[in-house]
Asker: 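Dropping a structure here in structure tokens format, bear with me for questions.
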There are 2 protein chains.
Amino acid sequence: MNDLKQYADVYYADCPVRRALDRIGDKWTVLLIGMLEEGPRRFSDLRRGVGGISQKMLTQTLRSLERDGLISRTLYAEVPPRVEYALTPLGETLCEPISAVVRWTEAHIGEVMAAQAAYDHRAQVKTTPIDGA
Amino acid sequence: MNDLKQYADVYYADCPVRRALDRIGDKWTVLLIGMLEEGPRRFSDLRRGVGGISQKMLTQTLRSLERDGLISRTLYAEVPPRVEYALTPLGETLCEPISAVVRWTEAHIGEVMAAQAAYDHRAQVKTTPIDGA
DNA sequence: CGCAATAGTCACTATAAGAGAGTTGGTCTA
DNA sequence: TAGACCAACTCTCTTATAGTGACTATTGCG
């Protein structure tokens, strides 16, 4: 009940907490926050550091995080362009909750994968043609 | 450094932890885990409880969670069909990390929204035509 | 018979992500 | 001089996923 009360708002589609949560749980957000936890980084650093992220998704996610006040973007008057991204104090408070989820996943990945294999096996068995039945 | 070591694998695009994390951070997953924390639920209950989720996304997410071993699906031999979804013991261990993220978001939503307003205001000022400059 | 219940499935549309090339201004080298 | 390089994006088109809303199957009831 106490927990349900806690979640009451996020169950409404238009809840601002819901909107914020959607972005915080976003796959790129999780990785970028984790990386910036180590200290300020430049765009290309982040791009190289997060395997599989496109320039577009990186830009988009960084802008979103900046807008949410979780990271700061420092533009230096240089050529080639130099831009640094860093966690804000607010952003730093998010590190621990996100880390907890990542740690959970790392700790339980074996069980998850075993469950997947078992599920897939059950699915395969169910679709096997029945000869002689 | 210790944290970076912790994250080393998730920064590779093909890392299984990454894949699992993507689904765990998914917006519907977060909400459904939270709801099932209160006890077993039926499909229609879940649909009504999570504002904005379509039948399709609900089905898809539930299947995915079941495959990951986080929830169980119990089919009763009844008509109309009766199916119950419940957290598995593994799924229950995920509640706390997910709750932590939700609680963080609820606690800081004011700051996030203020940051967004400020960001939008800065963006608007920057695009205002300069007359007489 | 028509309607209700439940848990989906299905086909099409809309939206977001992905892919990869282009842009800007300065510096350096052949 | 032309071309290449640098970094942080922007842009356009393609692909993938989410969203929309109707349909499905079975039984029971009025």
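The basis for the numbers below is simple: all heavy atoms, side chains too, and nothing from hydrogens, waters or symmetry mates.
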Asker: Whether B:R82 engages the ring of B:Y76 as a cation-pi pair (distance to the six-membered ring centre under 6.0 angstrom, angle to the ring normal within 45°) should be assessed.
Answerer: yes
Asker: So what does B:E78 touch, heavy atoms closer than 4.0 Å: a base, only the sugar-phosphate, or nothing?
Answerer: nothing
Asker: Starting at CG of A:L58 and ending at C1' of D:dC11, how long is that distance when rounded to a whole Å?
Answerer: 17 Å
Asker: Atom CE of residue position A:M113 - does it have more than 12 heavy atoms of other residues, nucleotides or ligands inside 6.0 Å?
Answerer: no
Asker: How long is the line joining CD1 of B:I53 and P of C:dG8, in whole Å?
Answerer: 13 Å
Asker: Would a distance-only check, ignoring hydrogens and angles, find a side-chain to backbone donor-acceptor pair under 3.5 Å from B:T29 to B:G25?
Answerer: no
Asker: Which nucleotide sits closest to the side chain of B:R73: C:dG25, C:dA7, D:dG19?
Answerer: C:dA7
Asker: Check the distance between D:dT17's P and B:W28's CH2 and give it to me in whole angstrom.
Answerer: 17 Å
Asker: In whole angstroms, how far is the C1' atom of D:dA25 from the CG atom of B:L75?
Answerer: 13 Å
Asker: Could you check whether A:R47 gets within reach of a base, just the sugar-phosphate, or nothing at all, counting any heavy atom under 4.0 Å?
Answerer: nothing
Asker: What is the separation between atom CG on A:D26 and atom P on D:dA18, rounded to the nearest whole Å?
Answerer: 12 Å
Asker: Expressed as a whole number of angstroms, how long is the span from A:F43:CZ to D:dA8:C1'?
Answerer: 6 Å
Asker: Both A:G52 and B:P80 contact DNA chain C. Taking the nearest nucleotide for each, which residue is further toward the 5' end?
Answerer: B:P80
Asker: For A:I109 versus B:A20, what's the shortest heavy-atom pair and its separation?
Answerer: CD1-CB, 3.7 Å
Asker: Using whole Å, report how far CG of A:D22 lies from C1' of D:dG19.
Answerer: 15 Å
Asker: Let me spell it out: for each of A:K56 and A:V79, pick the nucleotide of DNA chain D with the closest heavy atom. Which residue's pick is nearer the 5' end?
Answerer: A:V79
Asker: What is the separation between atom CD on B:Q60 and atom P on C:dG8, rounded to the nearest whole Å?
Answerer: 13 Å
Asker: Just to confirm, is there a sub-4.0 Å distance from OP1 or OP2 of D:dA7 to any side-chain nitrogen or oxygen of A:R42?
Answerer: no
Asker: Between the base of D:dA22 and the side chain of B:Q55, is there a donor and acceptor pair under 3.5 angstrom?
Answerer: yes
Asker: Both B:Y85 and A:P81 contact DNA chain C. Which one's nearest nucleotide lies toward the 5' end?
Answerer: B:Y85
Asker: Looking at A:Y11 and B:M35, would you say the former's side chain and the latter's main chain have a donor-acceptor pair under 3.5 Å?
Answerer: yes
Asker: Would you indicate what A:S44 reaches in the nucleic acid, counting non-hydrogen atoms under 4.0 angstrom: base, sugar-phosphate, or nothing?
Answerer: sugar-phosphate
